[in-house]
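Report on the following structure.
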Amino acid sequence: EKGTYPHFMLKEIEEQPFVMRNIITKYKDENENIKLDENIRQAVLDADRIYIIAAGTSFNAGLVGKEMIEKIAHIPVETHIASEFLYNMPILSQNPLFIFISQSGETADSRGVLVNVKELGHTTLTITNVPGSTLSREAEYTLHTYAGPEIAVASTKAYTAQIAVLAILSVETARAKGIEIDFDPMQQLGIAANAMDIFMEKKDELEQMARDYLSVTPNCFYIGRGMDYHVCMEASLKLKEISYIQAEGFAGGELKHGTIALIEEGTPVVGLATQESVHLNLRGNMKEVVARGANPLMISMEGFDEADDKIVIPRVNELFTPLVSVIPMQFIAYYAALHRGCDVDKPRNLAKSVTVE
Ligand code: F6R
């Protein structure tokens with residue numbers, strides 16, 4: 001039920017702080033320690049390489065998951081598009097672990113890979129919002145994202161829930177390996193939830209930005225580096241699918257290698273810079289597009305020369321920034337679609353779960 005909300009998508013965007021807090025509760029035991037099935041912990045520890053398999057928004061969460069697992073737990077990770085992996089399997093490591101990320105747990109492309117790698121005898125784990133789903137039943141292990149039913153076709157809360165669970169898994173694995181972690185993941189998820197809340201109060205501003213930047217444009221670019229690049233991929237997918245604006249998420253440094261030719265007077269370019277090591281580079285990339293006439297919308301984090309930026313996210317641990325930076329992106333996509341008269345919850349040509357190859 002969407003209650004007083006005009007759309008499920010808006011309701012689901014606004015539910016995200018609650019989802020974070022729900023995940024914190026569900027993944028804690030009575031002693032306030034992280035609750036994780038011993039077999040899952042062992043499966044991750046035994047892996048010499050993790051292969052994340054997913055589609056669409058879940059793939060975008062998998063890109064963030066790769067950064068988290070590698071940086072926190074020091075295990076190499078490859079994130080693959082399910083439909084590509086299915087017919088072009090790379091050379092695998094000796095002891096791979098396959099992690100399937102799927103909101104619905106019914107995506108046929110991902111299931112195809114699951115069937116194949118099970119046949120090869122590999123260990124499988126599904127991270128899903130629907131525990132009884134096909135991918136959940138057929139994988140050896142399941143982790144639940146506890147986001148509650150997601151009805152809008154455009155995925156929002158499932159994405160942040162998947163990232164939160166991947167963060168918990170990364171930290172638990174790191175601890176089991178004896179890697180020192182200087183933050184408490186549950187506390188970080190709580191901080192992210194509070195930071196999300198701030199944007200729930202800024203909807204009017206975000207709506208105005210959607211109006212200013214996206215009411216009439218035929219296209220839009222999102223640029224970021226590292227973690228921010230992954231969020232830009234998700235931001236552009238959100239905008240495309242519900243507003244039908246042609247959008248691209250791009251690595252900031254790559255734009256000048258060809259695609260910058262598309263920048264014209266007034267082309268909206270959203271820049272995202274929340275990562276200490278690359279935020280200045282990204283600002284440089286924004287200057288390059290502005291010099292070609294782009295209409296810049298800069299999003300950054302507190303403490304990163306943010307004075308002139310349109311949107312500033314509160315300071316959070318760098319590895320947790322996607323949980324927060326994606327929120328204004330989701331709102332902007334939502335309002336852009338609304339202003340352009342699109343059917344937000346049921347965009348054309350799309351189904352909520354894609355059960356055919
Ligand atoms: C985008 C979207 C899709 C799904 C994709 C995978 O908003 O919803 O891109 O993310 O079809 O679906 P799941 O996660 O159910 O496997």
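What you see below is based on every heavy atom in this structure, not just the backbone, and it leaves out hydrogens, waters and symmetry mates. Just so it is clear, the model here is predicted, and its values are computed rather than measured. Each ligand, and each atom within it, is numbered from 1 in the order the structure gives. In this chain, numbering begins with 1 at the start of the sequence shown.
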Taking the ring centre of each residue, are H122 and Y51 less than 6.0 Å apart?
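No; Y51 has its ring centre 6.0 Å or more from that of H122.
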Counting only heavy atoms and a distance below 4.0 Å, can you name the residues contacting ligand 1?
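Under the 4.0 Å cut-off, ligand 1 touches A55, G56, T57, S58, S102, Q103, S104, T107, V153, A154, S155, K238, E241.
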Any carboxylate oxygen within less than 4.0 angstrom of a Lys/Arg side-chain nitrogen, looking at D197 and R21?
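Salt bridge between D197 and R21, a charged N being under 4.0 Å from a carboxylate O: yes.
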How would you list, by chain and number, every residue that makes a salt bridge (Lys or Arg N to Asp or Glu O under 4.0 Å) with [X], sequence neighbours excluded?
| X | result |
| --- | --- |
| R340 | none |
| E138 | R111 |
| K352 | E150 |

Report the residue from Q162, Q330, E15 that forms a side chain to side chain donor-acceptor pair (under 3.5 Å) with K157.
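The option that passes is E15.
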